[in-house]
Amino acid sequence: MKVLLYSSTSRTREGGVQGVYASLADGLRRRGHEVVEGWSAPTSPPNPRDWTAPLYVPKTWRGMSRLRSLAASGRSALHLWQSLRRLRPDVVHVHFVRSEAAYFLALRALVGHRVVLTFHGSDLYRPDPVSQRVLARLARHADAVTAVSAPLQAHLQAWMPGREGVTFIPNGVDLDFWAAAQPCPAAPATVVAVGRLEPVKGFDVLIEAVRRLRVARDVRLHLIGDGRQRGALERQAAEAGLADAVTFAGHLDPEGVRDAFRAASVFALPSRSEGLPLALIEAQAAGLPVVATRVGGVPDQVPHPAGILVEPDDPAALAEALGTTLANPQRAARAGRAGREVARTRSADAMVEAYERLYEHILADRRLAEPALVTA
C-alpha cells in the first residue's frame, strides 16, 4: 500500500500533530508500506523525505479578487494533479484539516486515491462560522473521517447525519520509551508543562497559578516548548517576580523531555482547547501525576484518581489543584500509577494498526463515497 501523509502544518513547528504524523509514518514503514511525507511548505534545511504541495487558499471571493483566486486555485489544482499522477498513492491521509483538503477530494476521480481526514482539535474548534461550514462539507465528502478524542468524534458525527460514522482513533506514544522515566522528583518541587507557547495552551494561566502557589510554598515551573507567545510569557513571569522560578527550556528532544519528567513532581496541562495531547499521554506513561483542564479528550484520559481536573482560565483553581498534589506525596504517587495504567491503552503500535485497518477497509471498496465535491 502506498500512503501519502499530508499536513498543512509545518514539520519544523513541533507539536502533537507532528508527533502523531512521525509515529504513523515510521509504524507504517515497519509494516511494509510505502509512505510519502507531504507538507504544505518545504522545511529548512530541506528534508529528503519531504514531498511539498503549496496549495492556494483564497482569503476572499469578492470583485477582482474572485478572478485572481480562481486562477490561483486552478494552478494549484493542476500542479497537484500532475504530482499525484506521478506518485499514485492509494491513500491520501490529511492530518490537521484545513480547506486545502478540498484539492485532494476534488482530484480523487482523476487519480483514484482514497482520502482520510484526521481532526486533531484546534483544526475543528474555530470561532468563525465560514471555516466551520467548509470543514463540515469536507468531512461529509471524505472516504473516512477520524477524530483523536471522543468529544471530537461526537462533534464531527453531528455534521454528517445519514452517512457512515466517524472513527475514533486515539493518539499513541512509545510506551516503553516513556515508561523508562521512573519519577525521582528533585527539590524544590517542580511543575513541568510541555507544548507550543501559543494562547490556546494556557501557559499564561499556569504562570499566574504558580505565582499564587509560591505564596505558600517554594515551587518551580519548567516550560518545554517554543512559540509566538514566548516573549509575552517571559515578561509575565518577570513582572510576577518569577524570573528565577520559571525556566523556558525551548524545544527539547524526547530524551530531554523524558529527563525533565523524571525530575518533576507534577505535570500541568492548562490548555483552553485540546483534542488528545501527546504530551499528556507521555507524562502519564512516565508515571507523573496530572493536573489538567477539563477540555476536549482530556477528561477521558485523566479519570479519577489519575489526576485533578479544573476548568480552563481559572488560575486560582489550577493553583489549588497543583498545591493539593504537591502537598500529598502518597496521593501523587497513586495518581502517577493510575495514569500509567491509562496510558497503556494509548500505544503507538495500536494507533498505527487502527489506521492500517481503516485504509484496508476503504480500499476494499473502490467506489467513491461521494463522486463530486461541491465547494462551499
Do other residues, nucleotides or ligands put more than 12 heavy atoms under 6.0 Å from Arg85 CZ? no
Measuring only between side-chain heavy atoms, which start at C-beta, is Val302 closer than 4.5 Å to Leu280? yes
Mark yes when over 12 heavy atoms from residues, nucleotides or ligands other than Arg212 sit less than 6.0 Å from its CZ; otherwise mark no. yes
Donor-acceptor pair between Arg346 and Gln284 side chains, under 3.5 angstrom: no
Taking Glu274 for the side chain and Gly296 for the main chain, is one N or O donor matched with an acceptor at less than 3.5 Å? no
Output yes when a side-chain donor or acceptor of Ser23 lies under 3.5 Å from a complementary backbone atom of Val20, and no otherwise. no
Please name the pair of heavy atoms, one in Val97 and one in Val94, separated by the smallest distance, quoted to 0.1 Å. CG2-O, 4.2 Å
So does Gln229 have more than 12 non-hydrogen atoms from other groups sitting under 6.0 Å from CD? yes
Test of ring centre spacing under 6.0 Å for Tyr21 and Trp39: yes
Which heavy atom of Ser99 sits nearest a heavy atom of Val57, and at what distance? OG-CG1, 3.2 Å
Between Arg357 and Glu353 (salt bridge meaning N to carboxylate O under 4.0 Å), is one present in this structure? yes
Compute whether any side-chain donor of one residue and acceptor of the other, for His33 and Tyr359, lie under 3.5 angstrom apart. no
His93 ring center near Tyr355 ring center (under 6.0 Å): yes
I'd like to know if Asp143 and Arg108 make a salt bridge, using a cut-off of under 4.0 Å between side-chain N and carboxylate O. yes
Using 30° and 60° as the class boundaries, would you call the ring planes of Trp51 and Phe104 parallel, tilted or perpendicular? tilted
Report yes or no: does Lys2 contribute a side-chain atom to a donor-acceptor pair with the main-chain N or O of Leu87 at less than 3.5 Å? yes
With a cut-off of under 6.0 Å to the ring centre and 45° to the axis, is Arg75 in cation-pi contact with Tyr56? no
Heavy-atom closest contact (Ala317 atom, Val310 atom, distance): O-CG1, 3.7 Å
Side chain proximity check, Asp349 to Val352, heavy atoms < 4.5 angstrom: no
Closest contact, heavy atoms only, Arg340 versus Ala286: NH2-O, 3.2 Å
Does the plane of the ring in Phe96 sit parallel, tilted or perpendicular to the ring in His120? Use 30° and 60° as the thresholds. tilted
Any carboxylate oxygen within less than 4.0 angstrom of a Lys/Arg side-chain nitrogen, looking at Arg272 and Asp204? yes
Closer than 4.0 angstrom, basic N to acidic O: yes or no for Arg196 and Asp226? no
Under a 4.5 Å cut-off applied to non-hydrogen side-chain atoms, are Ser73 and Leu70 in contact? no
Between Asp26 and Arg30, is the closest basic N to carboxylate O distance under 4.0 Å? no
So, Thr293 side chain and Pro312 main chain: donor-acceptor pair closer than 3.5 Å or not? no
Hey, is Arg29 close enough to Glu37 for a salt bridge, meaning N to O under 4.0 Å? yes
For residues Thr146 and Thr118, is any side-chain donor paired with an opposing acceptor at under 3.5 Å? yes
Intermediate values then yes/no, ring pair (Phe, Tyr, Trp, His ring centres under 6.0 Å), Trp81 and Tyr103: CA-CA 9 Å; Trp81 172 64; Tyr103 289 100; over 10 Å; no
Is the closest side-chain heavy-atom distance between Leu221 and Thr247 below 4.5 Å? no
Can you name the closest pair of heavy atoms from Leu278 and Gly172 and give their distance? CD2-O, 3.7 Å
Can a salt bridge be assigned to the pair Glu198 and Lys201 using a cut-off of 4.0 Å between side-chain N and carboxylate O? no
